[in-house]
Engineer: 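Please find one structure pasted underneath; my questions will follow.
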Amino acid sequence: MSLKYRKIGVAFTGSFCTYQTAFRQLEALVKEGAQVQTIFSHASAGTNSRFGKWEDFIRRAEDITQTPVLREIPEVEPIGPKALFDVIAVLPCTGNTIAKLANGITDGPVTMAVKAHLRNERPVVLSLSTNDALGMNLKNIGILMNAKNIYFVPFGQDSPVKKPNSMIAHAELLIPTIEHALEGKQIQPVVVSPF
């Protein structure tokens, strides 16, 4: 399936250590010919970390997509009524965001974007990155695995000895996951070997 001309929302949440990989996937989507719009959570649009400054991340996203980043709830609310996207990918999707999505909490631009998009029964792809996937967040992942129109980029443990509860998506599988999701299918296998 071609992603050319497909309208794709890519939502960034606060797993800053994965941003270099996320930006490579953003570039790959643009190279495929998709019309990409980025959405930044409040954390990603306002937190400096050892991985970089938030202003630099926003500038990079805008340079890649040639569109302004959406950063506030009122900016993303029209996603539902106007059916703006064919698919939304949350890349990276933190444990905090997973918990909020599983429990219907829409207190920021990313969770509101997903809620607005799901009202149109269109696919949402989650590329998880969380230190507690096999801990407190396991139940939330299970809820979302069983939710209609939610799909996961295949994921595995990234540091089984040092961080046994931590899991991260194989972000290089984002595009094939999106292609499957647009056909209403979950790419398989979902849980893959460690990194």
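Bear in mind the structure is a predicted one, so any value in this text is a computation, not a measurement. Just so you know, residue 1 is the first one in the sequence shown, and it goes up from there.
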Engineer: Identify whether Ile141 and Met136 are in the same connected component of the hydrophobic contact network (ILVMFWY, side-chain heavy atoms under 4.5 Å).
Structural biologist: no
Engineer: At what distance, to the nearest 0.5 angstrom, does CG of Asp132 lie from CD1 of Ile98?
Structural biologist: 8.0 Å
Engineer: Out of curiosity, does Ile73 fall in the hydrophobic cluster containing Ile105 (side-chain heavy atoms, cut-off under 4.5 Å, transitive links)?
Structural biologist: no
Engineer: With distance as the sole test, does Ser166 use its side chain to make a donor-acceptor pair with the main-chain N or O of Lys163 at under 3.5 Å?
Structural biologist: no
Engineer: May I have the list of side-chain donor-acceptor pairs in residues 142-156 shorter than 3.5 Å, sequence neighbours left out?
Structural biologist:
unit_1, atom_1, unit_2, atom_2, d
Asn146, ND2, Gly142, O, 3.0

Engineer: Quick check: do Val124 and Leu101 have side-chain heavy atoms less than 4.5 Å from each other?
Structural biologist: no
Engineer: So if I apply the side-chain contact (heavy atoms from CB on, under 4.5 Å) rule between Val76 and each of Met112, His117, Lys115, which one comes out positive?
Structural biologist: Met112
Engineer: Looking only at side-chain N and O atoms, does Thr94 offer a donor or acceptor that is under 3.5 Å from a partner on Asn96?
Structural biologist: no
Engineer: To the nearest 0.5 Å, what is the distance between CG (Asn137) and CG (Asn131)?
Structural biologist: 10.5 Å
Engineer: Would Phe57 and Phe40 satisfy ring pair (Phe, Tyr, Trp, His ring centres under 6.0 Å), going step by step from the backbone distance to the final call?
Structural biologist: CA-CA 10 Å; Phe57 292 137; Phe40 273 48; 7.6 Å; no
Engineer: Test Thr18 against Ser129 for side-chain contact (heavy atoms from CB on, under 4.5 Å), laying out the working first.
Structural biologist: CA-CA 8 Å; Thr18 65; Ser129 175; 3.4 Å; yes
Engineer: Side-chain atoms of residues 174-183: list all donor-acceptor pairs with protein atoms under 3.5 Å, sequence neighbours left out, distances to 0.1 Å.
Structural biologist:
unit_1, atom_1, unit_2, atom_2, d
Thr177, OG1, Leu173, O, 2.6
His180, ND1, Pro176, O, 2.9

Engineer: What is the distance from atom CG of Leu70 to atom CD1 of Ile79, rounded to the nearest 0.5 Å?
Structural biologist: 6.5 Å
Engineer: Can you tell me how far apart CD (Gln37) and CD (Gln35) are? Round to the nearest 0.5 Å.
Structural biologist: 11.0 Å
Engineer: Side chain to side chain donor-acceptor pair (under 3.5 Å) with Thr47: which residues, sequence neighbours excluded?
Structural biologist: none
Engineer: Verify, without hydrogens or angle tests, whether Thr38 (side chain) and Val69 (backbone) share a donor-acceptor contact under 3.5 angstrom.
Structural biologist: no
Engineer: Output side-chain donor-acceptor pairs under 3.5 Å for residues 22-34, partner residues at least two apart or in another chain, one line each.
Structural biologist:
unit_1, atom_1, unit_2, atom_2, d
Arg24, NH2, Thr21, OG1, 3.2

Engineer: Hey, could you give me the SG/CG distance between Cys93 and Leu128, rounded to the nearest 0.5 Å?
Structural biologist: 7.0 Å
Engineer: Does any pair with a residue in residues 78-89 pass salt bridge (Lys or Arg N to Asp or Glu O under 4.0 Å), and if so which ones, sequence neighbours excluded?
Structural biologist: none
Engineer: Any chance you could measure Arg59, atom CZ, to Lys53, atom NZ, to the nearest 0.5 Å?
Structural biologist: 9.5 Å
Engineer: Would a hydrophobic clustering, with Ile, Leu, Val, Met, Phe, Trp and Tyr connected at side-chain separations under 4.5 Å, put Val190 with Ile187?
Structural biologist: no
Engineer: Do any N or O atoms from the side chain of Ser15 and from the backbone of Cys17 form a donor-acceptor pair under 3.5 angstrom?
Structural biologist: no
Engineer: Tell me the salt bridge (Lys or Arg N to Asp or Glu O under 4.0 Å) pairs involving residues 102-111, sequence neighbours left out?
Structural biologist: Lys100-Asp107
Engineer: Between Asn140 and Ala102, is there a donor-acceptor pair closer than 3.5 Å when you use the side chain of the first and the backbone of the second?
Structural biologist: no
